[in-house]
Amino acid sequence: GTTIPRSAQFQAQAAMGRLNASEGGKLVLRAIEAHGGLESWYSAPTSAYSWEYSNAGMNLRFKSYLVADNASRRVYHRITELGTPENPQPAEGRFAWDGNEAWISPAEIKQPNPRFWAATGYYFESIPFVLADPGISYERLPDENLDGVAHDMVRISYDESIGDSPGDLYTLYVNQDTGLVAAIRYTVSFGRTKVQASSRPVRETLFYYDDYVTVDGLTVPTHFRGYGFSDGKRGSFKNEAWASEFSFRQPFDASQLIM
């Protein structure tokens with residue numbers, strides 16, 4: 001096997017302490033272990049893949065090849081397709097999050113919003129691993145059925161100091177047999193404080209995680225499907241995403257963070 005860097009061992013131990021402190025955290029840890037484990041995640045210097053997203057309501061479809069530095073969460077993208085859900089076209093462009101600000105080039109590209117999208121696809125793709133970060137609270141919830149199958153459930157919330165969207169809530173559906181994440185529900189609170197986010201009616205999306213592959217020791221989804229979700233029921237189809245061409249060992253080219 002591969003040797004685990006000492007820094008990854010230390011990070012994994014610290015995360016294990018955070019996760020084992022609550023019943024909800026223990027379920028997140030079970031999912032992380034099923035997906036390859038904390039040491040594998042902290043041993044991966046980067047995440048790199050093509051991520052394609054389609055949203056009919058936004059009339060947007062784009063595909064980009066992204067490389068993220070897993071430690072700092074800086075990420076740069078090379079756009080390869082851009083258009084509508086029915087008609088994505090080959091495209092050229094770049095966008096990035098350099099740790100302080102986001103940009104997109106050329107400036108004529110109005111969608112995707114780089115501040116939101118530079119890290120959003122990466123975050124979805126990196127669940128459950130990123131849920132071991134500091135500053136997160138875990139609440140174990142009663143089992144819920146997903147398509148007729150009972151799943152273990154945990155709700156994730158964030159400290160006020162975390163990122164652009166501290167009011168985000170994620171709820172994980174964890175397969176009781178395999179420990180894999182079958183789906184998540186999420187709310188988007190981008191740009192609002194936690195209080196502002198919690199004062200509005202919650203509009204959730206149910207996001208299925210499907211077609212897993214294992215690359216560099218990490219088991220990750222290659223297909224996502226999103227539906228509206230309210231009153232405990234799945235609503236209409238909303239969005240879809242696909243991931244391919246994975247590597248968790250690609251060098252990070254920091255020059256790509258500069259417009």
[atom1]/[X] to [atom2]/[Y] distance, rounded to the nearest 0.5 angstrom?
| X | Y | atom1 | atom2 | result |
| --- | --- | --- | --- | --- |
| Ile4 | Gln11 | CD1 | CD | 11.5 Å |
| Arg61 | Glu81 | CZ | CD | 7.0 Å |
| Thr46 | Gln250 | OG1 | CD | 6.0 Å |
| Glu245 | Thr222 | CD | OG1 | 12.5 Å |
| Ser40 | Asp216 | OG | CG | 9.5 Å |
| Ser72 | Leu257 | OG | CG | 7.5 Å |

Hydrophobic cluster partners of Trp242 (side-chain heavy atoms under 4.5 Å): none
By side-chain contact (heavy atoms from CB on, under 4.5 Å) - contacts of Ala44 (at least two apart): Asn70, Leu218, Phe248, Arg249
For Ser22, all residues meeting side-chain contact (heavy atoms from CB on, under 4.5 Å), sequence neighbours excluded: Tyr138
Can you tell me if [X] uses its side chain to pair, donor with acceptor, with the backbone of [Y] under 3.5 Å?
| X | Y | result |
| --- | --- | --- |
| His35 | Thr219 | yes |
| Asn239 | Ser54 | no |
| Thr187 | Leu169 | yes |
| Arg94 | Ile258 | yes |
| Tyr212 | Val181 | yes |

Could you state whether [X] and [Y] fall into the same hydrophobic cluster, counting links through intermediate Ile, Leu, Val, Met, Phe, Trp or Tyr residues with side-chain heavy atoms under 4.5 angstrom apart?
| X | Y | answer |
| --- | --- | --- |
| Tyr76 | Leu82 | no |
| Phe95 | Met259 | no |
| Leu66 | Phe116 | yes |
| Ile109 | Tyr65 | no |
| Trp41 | Ile127 | yes |

Tell me the closest heavy-atom pair linking [X] and [Y], and the distance in Å.
| X | Y | result |
| --- | --- | --- |
| Tyr227 | Arg234 | CB-CG, 3.6 Å |
| Arg185 | Met153 | NH1-CE, 4.0 Å |
| Gln176 | Asp143 | NE2-OD2, 2.9 Å |
| Tyr49 | Ser244 | CB-O, 3.2 Å |
| Pro85 | Ala56 | CG-CA, 3.8 Å |
| Leu146 | Ala182 | CD2-CB, 4.1 Å |

Working for side-chain contact (heavy atoms from CB on, under 4.5 Å), residues His151 and Leu172: CA-CA 9 Å; His151 284 73; Leu172 266 61; over 6 Å; no
Does any non-hydrogen side-chain atom of [Y] lie less than 4.5 Å from one of [X]?
| X | Y | answer |
| --- | --- | --- |
| Asp133 | Tyr158 | no |
| Lys26 | Asn20 | yes |
| Arg18 | Pro134 | yes |
| Tyr186 | Tyr123 | no |
| Asn175 | Val149 | no |
| Ile156 | Val28 | yes |
| Pro45 | Phe252 | no |
| Glu125 | Pro221 | yes |

Non-neighbouring partners of Phe224 that pass ring-ring contact (aromatic ring centres under 6.0 Å, His included), sequence neighbours left out: Trp51, Phe207, Tyr209
Partners meeting ring-ring contact (aromatic ring centres under 6.0 Å, His included) with Phe10 (sequence neighbours left out): none
Inter- and intrachain pairs under side chain to side chain donor-acceptor pair (under 3.5 Å), touching residues 100-111, at least two apart: none
Candidate pair Phe129 and Tyr42, rule ring-ring contact (aromatic ring centres under 6.0 Å, His included), full reasoning: CA-CA 9 Å; Phe129 307 108; Tyr42 291 123; 9.2 Å; no
Distance-only polar pair, side chains of Glu240 and His223, donor-acceptor under 3.5 Å: yes
Pair Tyr208, Asp147: side-chain N/O donor-acceptor within cut-off below 3.5 Å: yes
Test side-chain contact (heavy atoms from CB on, under 4.5 Å) applied to Met16 and Leu38, step by step: CA-CA 8 Å; Met16 210 168 277; Leu38 288 164; 4.0 Å; yes
Test side-chain contact (heavy atoms from CB on, under 4.5 Å) applied to Ser50 and Lys63, step by step: CA-CA 7 Å; Ser50 281; Lys63 183 176 185 178; 3.9 Å; yes
Trp117 and His77: CA distance, side-chain angles, deciding distance, side-chain contact (heavy atoms from CB on, under 4.5 Å) verdict: CA-CA 10 Å; Trp117 276 111; His77 296 247; over 6 Å; no
Salt bridge flag under 4.0 Å for residues Arg30 and Glu33: no
Ion pair check, Arg140 and Asp152, cut-off under 4.0 Å: yes
